[in-house]
Number of protein chains: 2
Amino acid sequence: MNDRLGDDPELDEEARAPGARTIRDVARLAGVSIGTASKALNANGRLSAKTRAKVLKVAEELDYRPNNLAQSLHRARSMTVGILSNDNYGRFTFPIVAALERRLFDSGIAVFMCNATDDPARERRHIDQLLRKRVDGLIVTARRADRREPIEPAARGLPVVYVFARVDNPDALCLLPDDEGGARLAVEHLARLGRKRIAHITGPEHFEAVRLREKGFRAALASAGLAAPPGACRSGRWSEEWGREAVRDLFARPAAAPDALFCGNDQIARGALDALNEIGLSVPGDVAVVGFDNWEVMTSGARPPLTSVDMNLDALGTAAGDALLQMMAGSKLCGVSRLPCSLVVRASCGAIL
Amino acid sequence: MNDRLGDDPELDEEARAPGARTIRDVARLAGVSIGTASKALNANGRLSAKTRAKVLKVAEELDYRPNNLAQSLHRARSMTVGILSNDNYGRFTFPIVAALERRLFDSGIAVFMCNATDDPARERRHIDQLLRKRVDGLIVTARRADRREPIEPAARGLPVVYVFARVDNPDALCLLPDDEGGARLAVEHLARLGRKRIAHITGPEHFEAVRLREKGFRAALASAGLAAPPGACRSGRWSEEWGREAVRDLFARPAAAPDALFCGNDQIARGALDALNEIGLSVPGDVAVVGFDNWEVMTSGARPPLTSVDMNLDALGTAAGDALLQMMAGSKLCGVSRLPCSLVVRASCGAIL
DNA sequence: TGACTCTGGGAAAAGCTTTTCCCACGCTGT
DNA sequence: ACAGCGTGGGAAAAGCTTTTCCCAGAGTCA
């Protein structure tokens, strides 16, 4: 038996076909059958240590990589999942997807990225493609806006996790941030710092997140024994401009002016900060401000740096990965699960720093 | 022959195994051989119209989807590519990847998303996984910072496109935005509007983009017959804070103050706007400002809305997709290709609106 | 009517692994 | 020395398609 593979003319011959190494090559060069090679590579059957080592050595020298296509075909598990996204901006989706991909990759699963920007036909074609590729599961993400339709029944039997997306089907598993709890966190913090007249400037009411955050806002006020005067909650757009407008309006009569603002997102908060500045009010001296999203580019560019609620999107992504793995292993999971937010304290709320 | 498939007891039997339909099922129910069914589905061999129609009808009724794994195994083309990203933020990568995915999907190719956030070991494992999955090509993206190492030689023979990333290997294809041209666009525009003392506030010098933009800045000044006084170009960080600092410094002696600022990124521009505001200078009245990146959240939140250079990242993504498709079809492409930027004019530069 | 040409469809190999089942060899015990 | 048993490794099927090659039947022409 020739152990010096480096001198084996057969090896040189093989070296010319890169990337196309098969288990046949390994078996032939190791002088064993294909089945034996497979067993050695997978630490599977009963083989002598010598044979096993020989096969592994040859595989290493050939830089052999098993063909996942053939493996998947045989095992009826592709070790891939599809991520269906509808976020054309990517700001929320990206951290989720990144964490998800990391979690799944650590379990040996690769993800197909599919972007179907609110085009139902395109989404159907994507799902069709994923089914042809025999993905083992599906993740569906959306912008927070929409309570979307469940995906096609064709996917029945396939594990599906909706993350940062909500469907009405009670059999579906939806993972979402706890908007209400996040709002409560912010308002409780402000109340604890002694603020008495807390207002809420937020986005369009048709967002469920807006309604939930308002709910949390009111709940926290109530449990802090504070009143929510009429007009203390303003919903508008998600923009800085709206933040500025709302502040100008809220502070038009100084007597009734708030001493704290909880904003529905960091852009609104940023606009609010700018407007307060212009009015001549100091932050956090006269008014404390808390945002939502903890979007670094907004919070750190703001003056003073913005305290903000973090939705822990990466934890959400990791949780979605965990859930999908469980479902792929046979568990039936369903219902709406909301993961906690956290408060990232910076200077704008007037906490001791 | 029973044409009413709805009544066929065999069909009902089959209906219980969802997603597991094979071409055997189609063939059996259509009363033809597997080979014939395949020919009908692929419009391939010579078949009578009747047989073809019969097979297609059965396939439709069964909701049959060919198993891509088996197809790929046979054809030795997986119709998948991997996207290897190192951008942990996603701001630049996301638009590129989205456009890329769209382009490739339209050609029937699915993309594996791999995030290897600057961890070389992780990147190697990702590449290994992709090779096992027998991807037909690879896209490598990076943060603009680094002139990165080419990926492992193991991938030799596999088409690779570097986009928004740069490697020294002359055999590699790199697609990048034309930073220099973008800078020229901005400065020419300012010069055309009559600005005479144009300064440049930009990011860290170790970024190639910073050096190229400065080069474009100086070139455009020269060809407009304007001088670039010493200290007209300041490099620092990519942050709003740096924009504010630099403005305070540049405008310390009003006599030598610029009448226009070209900023290396929108965050710097945003900071500059705020600082100018505080100093009491009007934009664009006293000073015109142009940013870089055309990042919507920055440009539209700014007051006044910010004129900015757009790197056309989606065009870059589409071009990368085109290039990869060509390489997959056999073309050898290499070299560094820079795609044009464009200027998006808003109020901050003082153009007629 | 016989030979020949189409034509439509079938059989089988190939693509790469995994896994089950089985066989042969060598050893043990008497 | 022989029966039996354990052990290591091989053969082959299966997983799902595609494609090539071939055959049978029908039609055509002389």
Side-chain angles (χ1 to χ4, degrees), chain A residues 1 14 17-56 58-59 62-80 108 131-136, chain B residues 1 14 17-56 58-59 62-80 108 131-136:
Chain A
M1 194 186 256
E14 292 306 314
R21 288 294 157 42
T22 74
I23 200 172
R24 309 178 80 90
D25 302 321
V26 176
R28 186 158 37 80
L29 262 65
V32 299
S33 76
I34 294 179
T36 301
S38 174
K39 287 176 208 164
L41 292 167
N42 295 298
N44 233 354
R46 290 184 321 188
L47 264 51
S48 74
K50 205 193 307 179
T51 310
R52 202 179 293 280
K54 172 77 179 165
V55 170
L56 291 178
V58 172
L62 284 184
D63 196 24
Y64 166 71
R65 275 175 244 269
N67 185 329
N68 274 7
L69 269 41
Q71 291 181 318
S72 300
L73 183 59
H74 187 80
R75 296 179 177 148
R77 301 200 69 207
S78 67
M79 304 297 273
T80 59
L131 291 177
R132 286 164 189 256
K133 295 213 174 296
R134 298 296 190 263
V135 291
D136 298 326
Chain B
M1 196 184 254
E14 292 306 315
R21 288 295 159 40
T22 74
I23 201 172
R24 309 178 80 90
D25 301 320
V26 176
R28 185 157 37 79
L29 262 65
V32 299
S33 76
I34 295 179
T36 302
S38 174
K39 287 175 208 164
L41 291 168
N42 296 298
N44 232 353
R46 289 184 320 187
L47 264 51
S48 74
K50 206 194 306 180
T51 309
R52 203 178 292 279
K54 172 76 178 165
V55 171
L56 292 177
V58 171
L62 284 185
D63 196 24
Y64 166 72
R65 274 174 244 271
N67 185 330
N68 274 7
L69 269 41
Q71 290 182 318
S72 299
L73 183 59
H74 186 82
R75 297 178 176 149
R77 300 201 69 207
S78 66
M79 304 298 271
T80 58
L131 291 176
R132 286 165 190 256
K133 295 216 174 294
R134 299 296 191 264
V135 291
D136 298 326

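Per chain, numbering begins at 1; letters A, B, ... match sequence-line order.
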Which atom of B:Lys133 lies closest to which atom of A:Ser78, heavy atoms considered: NZ-O, 3.6 Å
Looking only at heavy atoms, the pair that brings B:Ala59 and B:Leu41 closest together is CB-CD2, 3.8 Å
Looking at OG1 of A:Thr22 and CZ of A:Arg28, how far apart are the two atoms once the value is rounded to the nearest 0.5 Å? 8.0 Å
Using a heavy-atom distance cut-off of less than 4.0 Å, which residues of residues 43-53 of chain B contact DNA chain C? B:Arg46, B:Leu47, B:Ser48, B:Thr51
When the distance from CG of B:Asn42 to P of D:dC16 is rounded to whole Å, what number comes out? 17 Å
Report the distance from atom OG1 of B:Thr80 to atom CG of A:Asn68, rounding to the nearest 0.5 Å. 10.0 Å
Residue-phosphate contact under 4.0 Å: A:Gln71 side-chain N/O, C:dC16 OP1/OP2: no
If only atom types and distance count, is the side chain of B:Arg65 paired as donor or acceptor with the main-chain N or O of A:Leu131 below 3.5 Å? no
Give every pair of a protein N or O atom and an N or O atom of nucleotides 10-13 of chain C that lie under 3.5 Å apart, one pair per line with the distance.
| from | atom 1 | to | atom 2 | distance (Å) |
| --- | --- | --- | --- | --- |
| C:dG10 | OP2 | B:Ser33 | N | 3.0 |
| C:dG10 | OP2 | B:Ser33 | OG | 3.1 |
| C:dG10 | OP2 | B:Thr36 | OG1 | 2.4 |
| C:dG10 | O6 | B:Lys39 | NZ | 2.6 |

A:Arg21 CZ to C:dG15 P, in whole Å, measures 16 Å
What's the spacing between A:Leu62 CG and A:Arg21 CZ if we round to 0.5 Å? 5.0 Å
Classify B:Ser38 by what it touches in the nucleic acid, base, sugar-phosphate, or nothing, heavy-atom distance under 4.0 Å. base
Where do A:Asn44 and A:Ser38 land on the side chain to side chain contact (heavy atoms under 4.5 Å, CB included) test, with the steps shown first? CA-CA 8 Å; A:Asn44 233 354; A:Ser38 174; over 6 Å; no
Between the CZ atom in A:Arg132 and the CZ atom in A:Arg134, the distance rounded to the nearest 0.5 Å is 9.0 Å
For B:Lys54 against B:Leu29, the heavy-atom pair lying closest together: CE-O, 4.3 Å
Heavy atoms of A:Val58 and A:Val26 approach each other most closely as CG1-O, 3.8 Å
Please give, in whole Å, the distance from D:dC16 P to B:Arg28 CZ? 12 Å
Measure CG/B:Leu69 against P/C:dA14 and give the value in whole Å, please. 22 Å
Expressed in angstrom and rounded to an integer, what is the separation of B:Ile23 atom CD1 from D:dT19 atom P? 11 Å
What are the two closest heavy atoms between B:Leu73 and A:Leu73, and how far apart are they? CD2-CD2, 3.7 Å
Rounded to whole angstroms, how far apart are CZ on A:Arg24 and C1' on C:dT18? 14 Å
Could you state the CG-C1' distance from A:Leu41 to C:dT18, rounded to the nearest angstrom? 11 Å
Nearest 0.5 angstrom please: A:Met79 CE to A:Gln71 CD, how far? 9.0 Å
The helix from C:dT1-D:dA30 to C:dT30-D:dA1: angle between its terminal axes, five pairs each, to 10°? 60°
OP1 or OP2 of D:dG15 versus the side-chain N and O atoms of B:Asn67: is any pair under 4.0 Å? no
Within less than 4.0 Å of OP1 or OP2 of C:dC16, is there a side-chain N or O belonging to A:Tyr64? no
To the nearest Å, give me how far apart CZ (B:Arg77) and C1' (C:dG15) are. 16 Å
